[in-house]
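Structure first, commentary second.
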Amino acid sequence: MRDSSIAVIGGSIAGSAFAGAAARLGADRIVVLERSEGQLEDRGVGICINDDRFDELVRAGHLHDGIRRHRLTARRWVTRETAGNRTDDGPDGRGRVLWNQSFAFHSHHWAVLWQALRERTPDRVEFRQGHTVTAAGTDQDGAWTAGPDGTREPYDLVIGADGYRSVVRAAVCPQARPAYAGYVCWRGSYDAALLAELPGGAAAWPEDECATVCYPGGQVVIYRIPGLTPGTTQVNWVFYAPTPAWLGLDGPTSIPAGTLTDGQLDDLRLLAERHLPPYWSALVTLTPRERTFLQPVYDLETPRRTAGRLLLGGDAATVVRPHNTSGAVKALQDAHAFERAGRAAAADGGSWPALLAAYDQERGVVGRELVELGRRLGREQVAAAPDWSAMDEPGMDAWWRRQITGSGGFGGHALGRPE
Ligand SMILES: Cc1cc2nc3c(=O)[nH]c(=O)nc-3n(C[C@H](O)[C@H](O)[C@H](O)COP(=O)(O)OP(=O)(O)OC[C@H]3O[C@@H](n4cnc5c(N)ncnc54)[C@H](O)[C@@H]3O)c2cc1C
């Protein structure tokens, strides 16, 4: 791959990881084309990464173990119990405990993780922000990208790391479109110092606990993440909920932070007050407007991830529902697989078709399994969730085992597992 030119479309988690991998493979010219103009650091959301998957990625050279992250050890599943007119929210207002599950994960602030990936990318990688790619394609000589004025830029390889509505995917497999899961997630985050305003304060909720608050029709996953300033912590929550009547589902449908109307925020508040124990309801409704947003849940399986000299990675290649907590890991593992396939191809004379075929085969299997697991978890935990009031510790344990048996993919597959 030496003396080659590679364009990476999208400069987020997958894009930064692929740019680093391309540099390590010795590509001569690497250009990252990212449409956002502003600070990517502003995407202040949490990402959980499984401890074993993180350690593997450190050993493989994609992450460094000094990244600021927040340790989680337990996932506590709780619910608001109602019997007749009575509601049982437990002594601390945090709900009846269904299950204390062990949870070997750390949480990350998206921006801190992204910054760490960028710092591992050599300076010679050209990072062009405010550059929207409107089309990509492949021909006998290589691949190309085009911007809004239609001018084509040629490269030896174009990598689509441009997320779930990928332009590069439209050229690789135009028939593959993200499928709506039938529910949304509201999301929010804020400085954990604000927890002092809750009854019981911050102390009522252990630092290492990921809370999963279950209600009929959904659940809310709540955990702390590192703040942008070292030494600070933020609260991060993901609230799975039915589709609001006002949400249109054609075109880009996420509602960015700061733009939800008063009426829409009222809907969120009512949802929280109706369904969540008071501690968690108050925690969600404390979130400032500028830190609250909404994303419909999608997933996507692709029939192939390469075509000619085009390659897809991260969410552009496969979109997995968030229940798996595996998206960032999969994006980094995609970059790892690309690097490994590149080394094998180089040892064998440096053929692009060999690299692309090896990558496609490996990532196809992994992607399909993760999408399938995400669907199963979504069905069991949201769309067709059990009657929580009838659940207890042994019931939860058996219910969980049924969901993940045979998948091995909760939190992501082991790196480079044999096929
Ligand atoms: C609610 C929710 C919770 C999640 N929680 C977790 C979790 O706990 N753990 C986990 O591992 N994963 C989680 N994920 C998934 C994870 O965030 C992603 O899978 C991961 O970050 C990989 O993203 P990506 O880089 O492939 O795509 P993205 O982050 O979407 O990046 C795509 C980039 O491409 C740019 N772009 C798009 N189109 C163009 C274009 N035409 N031209 C130029 N640039 C373009 C965009 O601006 C963007 O920067 C979650 C996802 C959701 C929705």
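The figures here come from the full heavy-atom set of this structure, side chains too, leaving out hydrogens, waters and symmetry mates. Each ligand, and each atom within it, is numbered from 1 in the order the structure gives.
Near Ser326, meaning under 4.0 Å from one of its heavy atoms, ligand 1 places the atoms 10 (C), 11 (O). Proximity to Gly163 (heavy-atom distance under 4.0 Å) selects the following atoms of ligand 1: 27 (O), 30 (O), 32 (C). Atoms of ligand 1 lying under 4.0 Å from any heavy atom of Cys185, numbered from 1 in the order shown and given with element: 1 (C).
Judged purely by atom type and a 3.5 angstrom limit, Asn236 uses its side chain to pair as donor or acceptor with the backbone of Gly46. Although no hydrogens or angles enter the test, the distance criterion places no donor-acceptor pair under 3.5 Å between the side chain of Ser166 and the main chain of Asp162. Arg169 places a side-chain N or O within 3.5 Å of a backbone atom of Ala316 that can act as its donor or acceptor partner.
Polar contact check, Ile47 against ligand 1: no nitrogen or oxygen pair lies under 3.5 Å apart. Considering backbone and side-chain N/O of Trp110, none are found under 3.5 Å from N/O of ligand 1. Any N or O atom pair closer than 3.5 Å counts here, and Ala328 shares at least one such pair with ligand 1. When only interatomic distances are considered, the shortest N/O to N/O separation between Gly313 and ligand 1 does not fall below 3.5 Å. No N or O atom of Gln295 sits closer than 3.5 Å to an N or O atom of ligand 1. Some N or O of Ala14 is nearer than 3.5 Å to an N or O of ligand 1, by distance alone. The distance criterion of under 3.5 Å between nitrogen or oxygen atoms is met by Gly327 with respect to ligand 1. Ligand 1 has no N or O atom lying under 3.5 Å from any N or O atom of Arg187, backbone or side chain. The shortest N or O to N or O distance between Gly11 and ligand 1 is not under 3.5 Å.
Just one residue in the list His336, Gln333, Arg120 forms a side chain to side chain donor-acceptor pair (under 3.5 Å) with His62, and that residue is His336.
Note on ring orientation: taking the six-membered ring where Trp is involved, the planes of Tyr215 and His275 are parallel (angle under 30°, cut-offs 30° and 60°). Ring geometry for Trp114 versus Trp110: interplanar angle under 30°, hence parallel rather than tilted (30 to 60°).
At a cut-off of 3.5 Å, with distance as the only test, a side-chain donor of Arg291 or Gln234 sits close to an acceptor on the other residue. In this structure, a donor-acceptor pair under 3.5 Å is present between the side chains of Thr243 and Tyr180.
Within the structure, the closest approach of His131 to ligand 1 falls below 4.0 Å when heavy atoms are considered. Residue contact check for ligand 1: Ile49 places no non-hydrogen atom closer than 4.0 Å to it.
Electrostatic pairing of Glu301 and Arg375 counts as a salt bridge here, judged by a charged N lying under 4.0 Å from a carboxylate O.
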